[in-house]
**Q** 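Here it is, the structure in full.
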Amino acid sequence: MTAHYHIHPSIGIARLGNSPHGYYLEPDAVGARPIEANPDGSPMTDAGGYVRVNRFKDDQGRIKRQAAWFRLFRGDEHGSDVEVTLDDPEIKSITWTAHVANKKAAWYNFTELEGNLLFGEDNSYQARKVPLRNADVTDDRQKLIIDPGPRRLTGPDQTAPFSADTIPADYRFGSFPDKPKYGDQITTLGEMRTDPQGRLLVLGGFGHSGGDEDITSFAGANTWHDDIADGQVTAVITLANGDTVTAKAWVIVGSPKYAPELVNISTLADVMLDVAVRNFDLAPKIYADGSFQDDYIAYYDRDIAPIIETPGDYRWVANVPSMLAFASPKFDPRDGSAENAANRQAYAELFRFPGTTGDFSNGQTGQLFAGNGIEGVAEGYGAPMLPLNSGNNSVTNVLLQKFLTLTETQFFFLKQWAEGKFTNDPAPDPAYGLNPLDIASVGNCVGLPNCPGIEVTWSCWNPPIYDGALSLKRAHDEAYYNAHGLSPSADETRPDSPGCEPGDLTKRMAIPWQADFFQCSVQYINFTDPLVNKTGEGIPLPPTYYAYWWPPQSPWQVITGDVTVASQAASGLPAGQQALYSRGINTFSQMIAAWSYLGFVVNVVDGPSRGLFPYFVETERNHDRFQVAAVAVGQVENVITGANTNFMPVWFLKPEALGSHRNTKAARAIPRAGGPRL
């Protein structure tokens, strides 16, 4: 029997935080809370299993970092997958290597979908004449990359920082940015640790950002850097018999997930599974010989329920009564009978259909108030179509994708369900034959829309970056990087690409990340002209519709959760009121300074009612960093007494809350496409 060793998750997700001490472990299931970590990095457990995170900030109100948690598993030809550690007598030693980097400053400016080669070679960065970031740097653009070089650990309870002062002596390409004019100098991208059993934890940076120029766009600005990162993880396992085997994985360091239990309609797992289904023969019963299989029987709980139920969870982070109604249909969606067929068909007709080339364009340029049905021919019904989110480009007039569609695989599942080709029986476990940790890790990230996204962007649609299902293809080994360093210009999405380098998955994101996070929560989208998003003045073409980007990652409206006299006095609001999530943060520079003051949206119901009646509220907001004032609203001559005047609470950051960003220059946000930013 031949054993195979693998790292799971295959793509781990770490998240930034500004606490210098506390951290927790990434979730082990989609929509699960992260796991508390013991001081030695091992998972905290009790009689019920893993202890879930209750507080996401430390005692001083600083956000704890999330550690990507990598474990080794041994499998065989029979499909068994068992975790192995240094406690296993067959394992003599494990040497972990991690190499993370940030390539943002060396890449091209973010230009929505331009540069995506799924639209053809005519859409390359060069053909579209997309300018480079920091184009005035013409000599040694490799120095624009934040590259600490590789780090290695062998044995339990070890730590290695990814810092400027620990660049390996034999790695001559290490680089970090100089001290900026505004903000913070970046001196580390985090660290790697092993726990007592030899598992690997990778932690990211502390949310530092700095630059020399004003920020006037959600895409950020030249001269800026942040400590987002991604890169490759390798384990060399020495067996008791002296043989060695190698396993690989990837780590992505993203921004905090402020609603950790809520899930996006199309997650990064959905996108990556769609790529694997259509390009890597992951599930021939679903897709084979270039087409979806019409005789496939979908599994309701795995394939259908997330499409129907997930939009309803947006109500905790956005004001979306229409999606809440769609998530609670007036019929039993589990009923596959012929008598219920008309209900299923009518419901499915409310979803836009994606294109057939992987570009998702067909269904996103059409009108909002027109059903397209399974066949795309139904008449309009007067209701907004689903999902009611922005598409991958509702911003510019090049390659428009106004409204979100499901992935092609998700839409196929919906079609099968509408036709009654589904079962309520449990789906095979594990799903798609993959380790559940692989799906769980990326399942808590944004998949669609990608403009640019939150953790990663549209490069994840592109098959050339993978060598299998949820497995990223590596461009080179560490010996190559020791000789050549990282490339500032190689495009890993090209058909002839050798694969990804450290820093490639995050290089297309906003720089700094706080710029996009601040401005991209809601969108005003024209729904009448399929060829125009904006007028020549940069204003959304009227009439427009109010849609969201990715509220589980970047909430817009939340329910206040303060229930004591003191906390309500500090917050300025009663419990249970819907409020603007980012209230008090009114400019790019304020978000760069104040991202860690924002609250976490969590389910506060305990006991048996937790799953039956969830109640998600804003918690842990740093009220002491804000000042709330009651502003009188009315005609001047009518402001005589409080009895005949309306008062509205308004929030402001206290001057001392700006910290090192007190003098950061950043213009007030121009709303992303005319949408509100209060």
Side-chain angles (χ1 to χ4, degrees), residues 6 8-11 113 115-121 123-124 230 232 248-250 252 266-296 298 302-303 307 353-364 392 399 401 404-416 427-428 430-435 438-439 441-443 445-450 453 455-475 490-501 504-505 508:
H6 304 277
H8 298 295
S10 55
I11 303 172
L113 296 175
N116 189 345
L117 296 174
L118 285 179
F119 292 90
E121 188 63 36
N123 194 52
S124 69
D230 70 274
Q232 57 194 41
K248 65 178 184 124
W250 206 269
I252 297 170
S266 289
T267 69
L268 186 55
D270 292 320
V271 169
M272 290 183 168
L273 288 170
D274 177 69
V275 173
V277 164
R278 294 189 293 110
N279 296 277
F280 292 96
D281 200 30
L282 175 63
K285 290 183 179 180
I286 298 174
Y287 187 95
D289 300 322
S291 62
F292 287 101
Q293 302 300 292
D294 192 57
D295 59 353
Y296 173 71
R302 186 190 75 183
D303 301 338
I307 298 172
F353 61 92
T356 58
T357 60
D359 62 20
F360 305 102
S361 59
N362 285 358
Q364 296 187 355
N392 295 304
L399 296 174
Q401 294 185 358
L404 183 67
T405 74
L406 303 173
T407 70
E408 291 190 44
T409 302
Q410 284 180 303
F411 192 82
F412 170 70
F413 293 154
L414 188 71
K415 169 185 173 296
Q416 298 302 93
Y432 303 100
L434 301 174
N435 188 291
D438 295 350
I439 296 175
S441 187
V442 291
C445 299
V446 174
L448 299 173
N450 300 127
E455 295 90 358
V456 292
T457 189
W458 50 253
S459 61
C460 290
W461 309 349
N462 297 60
I465 75 170
Y466 302 96
D467 57 14
L470 278 64
S471 177
L472 293 167
K473 182 169 60 176
R474 295 186 177 194
D491 189 340
E492 74 284 3
T493 69
R494 299 196 69 84
D496 59 351
S497 164
C500 300
E501 292 187 354
D504 277 349
L505 259 68
R508 292 174 173 84

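Heavy atoms only: backbone and side chains are in, while hydrogens, waters and symmetry mates are out.
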**Q** Taking all non-hydrogen atoms of both residues, which atom of Gln293 and which atom of Ala288 are closest, and how far apart?
**A**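 Between these two residues, the closest heavy atoms are NE2-O, 3.2 Å.
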
**Q** Hey, are Tyr432 and Asp438 close enough side-chain-wise for a donor-acceptor pair under 3.5 Å?
**A**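 No.
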
**Q** Taking side chain as C-beta onward, heavy atoms only, is Asn435 less than 4.5 Å from Pro9?
**A**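 In short, these two side chains do not touch, never coming nearer than 4.5 Å.
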
**Q** Write down the atom of Phe353, the atom of Phe411, and the distance for their closest heavy-atom approach.
**A**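 Heavy atoms of Phe353 and Phe411 come nearest at CB-CZ, 3.4 Å.
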
**Q** Check whether any side-chain heavy atom of Pro449 lies under 4.5 Å from a side-chain heavy atom of Leu404, and answer yes or no.
**A**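 Contact flag for Pro449/Leu404 side chains = yes.
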
**Q** Please say which of Ser459, Pro463, Pro464 ends up in a side chain to side chain contact (heavy atoms under 4.5 Å, CB included) with Thr493.
**A**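 The single option meeting the side chain to side chain contact (heavy atoms under 4.5 Å, CB included) with Thr493 is Ser459.
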
**Q** Of all the heavy-atom pairs spanning Val446 and Glu455, show the shortest one and how long it is.
**A**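 Heavy atoms of Val446 and Glu455 come nearest at N-OE1, 3.0 Å.
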
**Q** Could you tell me the separation between the CD1 atom of Ile465 and the CG atom of Asp504, rounded to the nearest 0.5 Å?
**A**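 Rounded to the nearest 0.5 Å, the CD1-CG separation comes out at 9.0 Å.
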
**Q** Can a salt bridge be assigned to the pair Lys415 and Asp294 using a cut-off of 4.0 Å between side-chain N and carboxylate O?
**A**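 A salt bridge links Lys415 with Asp294.
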
**Q** Measure across Gln416 and Tyr296 and return the closest heavy-atom pair with its distance rounded to 0.1 Å.
**A**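 Smallest heavy-atom distance, with atoms named: NE2-O, 2.8 Å.
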
**Q** To the closest 0.5 Å, what do you measure between CZ (Phe413) and CD1 (Ile286)?
**A**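 With rounding to 0.5 Å, CZ (Phe413) is 4.0 Å from CD1 (Ile286).
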
**Q** Any chance you could measure Ile439, atom CD1, to Thr267, atom OG1, to the nearest 0.5 Å?
**A**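 Output value for this atom pair is 9.0 Å.
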
**Q** So do Asn450 and Trp461 actually touch side chain to side chain, heavy atoms under 4.5 Å?
**A**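 Sidechains of Asn450 and Trp461: in contact.
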
**Q** Supply the atom-to-atom distance Asn392 CG to Thr457 OG1, rounded to the nearest 0.5 angstrom.
**A**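 So the gap between those two atoms works out to 8.0 Å.
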
**Q** Are there over 12 heavy-atom neighbours, none belonging to Asp496, within less than 6.0 Å of that residue's CG?
**A**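 Yes, CG of Asp496 has more than 12 neighbouring heavy atoms, counting only those of other groups under 6.0 Å.
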
**Q** Can you tell me if Asn123 and Asn116 form a side-chain donor-acceptor pair at under 3.5 Å?
**A**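 No.
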
**Q** Any side-chain to backbone donor/acceptor pair from Tyr466 onto Cys460? Under 3.5 Å, distance only.
**A**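 Yes: the side chain of Tyr466 pairs with the backbone of Cys460.
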
**Q** Can we say Asp491 and Arg508 salt-bridge, meaning some charged N sits less than 4.0 Å from an Asp/Glu carboxylate O?
**A**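 A salt bridge links Asp491 with Arg508.
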
**Q** Specify the closest pair of heavy atoms between Ser471 and Asp467, including all atoms of both residues, with the distance to one decimal.
**A**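 Smallest interatomic distance, heavy atoms only, reads OG-OD1, 2.7 Å.
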
**Q** May I ask you to test the Gln410-Asp274 pair for a side-chain heavy-atom distance under 4.5 Å?
**A**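 Gln410 vs Asp274: side chains apart.
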
**Q** Verify side-chain contact (heavy atoms from CB on, under 4.5 Å) between Thr409 and Tyr287, making sure each step is shown before the conclusion.
**A** CA-CA 9 Å; Thr409 302; Tyr287 187 95; over 6 Å; no

**Q** Between CG of Asp230 and CG of Leu505, what distance do you get to the nearest 0.5 Å?
**A**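 Result: 5.0 Å between the selected atoms.
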
**Q** Quick check for you: to the nearest 0.5 Å, what is the distance between Leu282 atom CG and Met272 atom CE?
**A**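 Going from CG on Leu282 over to CE on Met272, the span is 13.5 Å.
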
**Q** If you take all heavy atoms of Arg278 and Phe292, which pair is closest and at what distance?
**A**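 Where Arg278 meets Phe292 most closely, the heavy atoms are CD-CZ, 3.9 Å.
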
**Q** So, Arg474 and Glu492, do they make that salt bridge, N to O below 4.0 Å?
**A**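 Answer for the salt bridge query: no.
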
